[in-house]
**Student:** 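What follows is a single structure, and I will ask about it in a moment.
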There are 4 protein chains.
Amino acid sequence: MSCFQMPLRVYIEDTDAGGIVYYVNYLKFMERARTECLRTLGFDKPAMVADDRLFVVHSAEIAYLRPALLDDQLTVTATISKLARSYMSFSQSILRNGEPICRADIKVACVQRETMKPVAMPEEVWRAVKAYQ
Amino acid sequence: MSCFQMPLRVYIEDTDAGGIVYYVNYLKFMERARTECLRTLGFDKPAMVADDRLFVVHSAEIAYLRPALLDDQLTVTATISKLARSYMSFSQSILRNGEPICRADIKVACVQRETMKPVAMPEEVWRAVKAYQ
Amino acid sequence: MSCFQMPLRVYIEDTDAGGIVYYVNYLKFMERARTECLRTLGFDKPAMVADDRLFVVHSAEIAYLRPALLDDQLTVTATISKLARSYMSFSQSILRNGEPICRADIKVACVQRETMKPVAMPEEVWRAVKAYQ
Amino acid sequence: MSCFQMPLRVYIEDTDAGGIVYYVNYLKFMERARTECLRTLGFDKPAMVADDRLFVVHSAEIAYLRPALLDDQLTVTATISKLARSYMSFSQSILRNGEPICRADIKVACVQRETMKPVAMPEEVWRAVKAYQ
């Protein structure tokens, strides 16, 4: 149940006319952390995990606690909370000065590229995630 | 419990290297429908609902059922499932040929612009939504 | 030298913390108009123009004249200013109440999907654009 | 005429169904480099440069040379090519393994927040950029 962390700066592209980070973009931030988390496990192409398979988001639950602002320096975390043959669940937070501003549970499924049907993730990915977890 | 609908075309900007709509963008599509739903109630500035107040997303729960593809013609729906003084909940779907490809429950809170604290929405907005619902 | 036009509404997703449309997004708006322009010529998949070929932007020149704001109702135009076997140039504007707020010249090249090298566009696309122009 | 550089990773959010980085997003990458370039000069809020003034893009010229791909590790550069009281011009590149894949000239104007009219940038910003240049 290790936790991966990465720093992240808020740019003007991330904000909206409310003067805060556009809420949809927190999901992009969280995906960056999931990607880098898998990259540290040795996978150079974390999204397109094999020629015939890719990881896609199956479902997400997000709670917005406080707004992030332009130029904020944030930390994004990713913990693998559940692992099965064909999917992984992540528990993620975005923090500013250690204080959570957004939390999400995100289930990522491995699917066949052609059919988009669930399929077991490559054996070596499963093993690496299992060991990390 | 009326249901608002709007058509939507998928452009290349909406897609990702998986060849499908980038999952984060469904939330943008759903927000467009919420905005137009409120606009049909007579509010020209649905997001910045008053000089000192704005609507922000408080929490969201999304299920991705099938991928949408480039050039798809979609329909986005928005139903107000709950109304309180300081927030509204929407039940939303994205459909292709009548078949749901994404579903979400989204809670939108009215907040004070300066403090970002919850506040009652303007009386006339509340009344109009109540009548519509 | 016909001119294609389409209406466009500004949503919160399009804005930034400056309270205006994020300047990068005008390019998205313009691409929507180029896409719909080609669609009216009978091409259902305007970007992925053939199995082995796609259209990509080769170069762009943009002038920002006035900011667009949240909830603005805009018009985007697209005129094909030059046509060759392997590329098209578009002259485009974004207007608010008939007044230009952004102008661009955009050169779109047809490339081989595998190599990304320039290639002649499909004969029927070239003919249709030639006739339209 | 110093040149600022920053590293940048391509995420799935940056790509499109062509399997490459969506061309519009190179402009986001370049803005991140301009922002960080100004931040190294000691300005913590590079975009909202003063309470009453902000920097906006006035015009841009971009040439796309080669496509960037998912998971690419890129370098973005920013050189201030011209400095005046109310604007700066940047000459920028995006490189992969030292090879340019995109080049742009971007003129950034300082404007009054209320009127969006050109105005002299804050004295200390002008001095710092002048010294850096």
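Quick note on labels: first sequence line is chain A, next is B, and so on, each numbered from 1.
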**Student:** Below 4.5 Å, heavy atoms only, C-beta onward: do B/D71 and C/P46 meet side chain to side chain?
**Tutor:** yes
**Student:** Measuring from atom CG of B/D14 to atom NZ of C/K28, what distance do you get when rounded to the nearest 0.5 angstrom?
**Tutor:**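 If I round to the nearest 0.5 Å, the distance is 7.5 Å.
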**Student:** Which of the residues B/M48, B/K45, B/R39, B/E31 is involved in the greatest number of heavy-atom pairs with chain C at under 4.5 angstrom?
**Tutor:**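 That would be B/R39.
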**Student:** To the nearest 0.5 angstrom, please state how far the CG atom of C/L70 sits from the OG1 atom of B/T35.
**Tutor:**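 Going from CG on C/L70 over to OG1 on B/T35, the span is 8.0 Å.
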**Student:** Using the side chain to side chain donor-acceptor pair (under 3.5 Å) definition, which of the options C/E36, C/R32, C/R34 pairs with B/Y11?
**Tutor:** C/E36
**Student:** Verify the neighbour count for atom CD of C/E114: are there more than 12 heavy atoms of other residues, nucleotides or ligands below 6.0 Å?
**Tutor:** no
**Student:** Do other residues, nucleotides or ligands put more than 12 heavy atoms under 6.0 Å from the CZ atom of B/R127?
**Tutor:** no
